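Take a look at the structure set out below.
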There are 2 protein chains.
Amino acid sequence: MVMKSEIQVFREYIRGRRLRRTPEREQILQEIFEIHGHFDVDELHLKLRDKGSKVSKASIYRALPLFMDCGLVREVDFSDGHWHYEHIYGHARHSHLRCLGCGEVLEFEEPGMGRLEAHLAREYGYRIKGHQLQVQGLCATCQEAE
Amino acid sequence: MVMKSEIQVFREYIRGRRLRRTPEREQILQEIFEIHGHFDVDELHLKLRDKGSKVSKASIYRALPLFMDCGLVREVDFSDGHWHYEHIYGHARHSHLRCLGCGEVLEFEEPGMGRLEAHLAREYGYRIKGHQLQVQGLCATCQEAE
DNA sequence: AGTATTATTGTAATTGATTCTCAATTACAT
DNA sequence: ATGTAATTGAGAATCAATTACAATAATACT
């Protein structure tokens with residue numbers, strides 16, 4: 001069975017919510033899924049500009065919560081003063097390992113997080129909605145440079 | 001063997017760095033260790049005011065990185081637009097489970113994180129410096145209210 | 001198709017957390 | 001004591017993110 005495209009997912013979400021399907025939102029979404037890896041609002045806005053799109057930053061800020069709400073995108077915290085994002089639709093769950101020296105970001109699988117979530121649900125009566133895990137360290141190169 | 005107090009830890013850090021020991025910094029640190037749980041800069045500033053202290057927010061913002069640097073305090077991310085903090089000296093490692101409905105925050109042990117860090121170090125050649133894990137969900141009460 | 005309704009847009013102003021500037025103060029070494 | 005350099009408080013500046021508002025455009029309803 002074939003997976004729905006992100007645009008399809010988004011259109012269904014829009015319809016279900018009685019929101020409106022606009023070219024701006026779909027441009028933004030398409031651009032997000034063409035970006036490999038992480039991005040922030042500025043980067044996304046610049047990329048859209050480069051392709052001739054006139055979408056404003058405000059619209060990007062307004063669209064992102066929608067994409068997050070329908071599970072296409074999520075926030076990523078790099079603790080550098082502003083939010084980063086990444087598309088997650090069709091991706092394996094992963095977390096980020098970031099080098100404090102050079103800023104390199106690696107992705108890694110999260111063995112055991114499913115079990116942890118189940119444990120928390122049982123232990124505290126919570127319905128788990130999601131989690132974020134970030135790990136920081138020094139990459140091999142930056143260790144030498146110390 | 002008795003554990004050093006947080007003030008002692010901080011004074012040693014200050015001395016080692018050729019920084020200066022000031023009443024402001026020590027007031028802030030003391031207040032932090034009297035707070036049970038998490039706080040943000042505003043709350044901390046108000047508590048200090050209430051006790052008659054005149055420390056400015058700027059000094060709090062300047063002191064926090066020092067406390068974090070010497071392992072007494074850490075940032076906590078509740079994804080609500082600003083940073084929260086907590087003292088960690090003498091505490092077991094823990095992460096936070098936060099209810100998206102009412103904002104309740106529970107702490108839980110992190111089984112397996114040590115193993116995960118060791119694995120990442122081996123796999124990617126990183127020297128691991130730390131990690132953050134947050135889990136979100138709905139508590140029993142907020143599930144019913146839905 | 002034509003019109004009414006109301007969501008969405010871009011622009012610019014605003015907010016709010018954090019950082020910075022600067023002059024005055026103060027801790028520490030000599 | 002004195003010189004120095006770090007630290008302080010106050011307020012200005014910064015910067016990401018949000019919001020107000022008037023214009024536009026997508027959908028619903030004739």
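Bear in mind the structure is a predicted one, so any value in this text is a computation, not a measurement.
- An OP1 or OP2 oxygen of C:dT19 is reached within less than 4.0 angstrom by no side-chain nitrogen or oxygen of B:Y61.
- Note: CZ (B:R18) to P (D:dT7) measures 13 Å, nearest angstrom.
- The shortest distance between the side-chain N/O atoms of A:R62 and the OP1/OP2 oxygens of C:dT8 is not below 4.0 Å.
- Rounding to whole angstrom units, CD1 of residue B:I60 and P of D:dA10 are separated by 12 Å.
- The side chain of A:S56 sits closest to C:dG10 out of C:dT18, C:dT8, C:dG10.
- Checked against a 6.0 Å centroid threshold, the rings of B:H87 and B:F67 do not count as neighbours.
- Nearer to the 5' terminus of DNA chain C, by closest-nucleotide assignment, is the contact made by A:R21 (compared with the other of B:I14 and A:R21).
- The nearest whole Å value for the distance from the CG atom in A:D40 to the C1' atom in D:dA16 is 10 Å.
- Proximity note for B:V55 (side chain, C-beta onward) versus D:dG9, D:dA26, C:dA17: the nearest is D:dG9.
- Here the nucleotide nearest the side chain of A:R25, chosen from D:dT8, D:dT7, C:dT9, is C:dT9.
- Mapping B:T22 and B:W83 onto DNA chain C via the closest heavy atom, the residue that lands nearer the 5' end is B:W83.
- If you take CZ of B:R17 and P of C:dC28, they are 17 Å apart, rounded to a whole angstrom.
- No donor-acceptor contact under 3.5 angstrom links the side chains of A:Q134 and B:H131, judged on distance only.
- Neither side chain, B:Y126 nor B:E117, offers a donor N or O lying under 3.5 Å from an acceptor on the other.
- Taking atom OH of residue B:Y13 and atom C1' of nucleotide D:dA6, one finds them 14 Å apart after rounding to whole Å.
- For the pair B:D80 CG and D:dA17 C1', the interatomic distance rounds to 14 Å; values are reported in whole Å.
- A straight line from NE2 of B:H82 to C1' of D:dA17 spans 15 Å, rounded to a whole angstrom.
- Backbone-only engagement by A:K54 is indicated by non-hydrogen atom pairs under 4.0 Å involving sugar-phosphate atoms exclusively.
- Side chain B:R20 to base D:dA5: a donor-acceptor pair is found below 3.5 Å.
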TODO: Mind running side chain to side chain donor-acceptor pair (under 3.5 Å) on B:H94 and B:E86 for me, showing each step along the way?
DONE: CA-CA 11 Å; B:H94 65 271; B:E86 67 183 359; 3.1 Å; yes

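- In this structure, A:R15 atom CZ and C:dA7 atom P are separated by 18 Å, rounded to whole Å.
- The side chain of B:L19 sits closest to D:dA6 out of D:dA6, C:dA12, D:dA17.
- Taking the six-membered ring for Trp, B:F108 and B:H96 have ring centres at least 6.0 Å apart.
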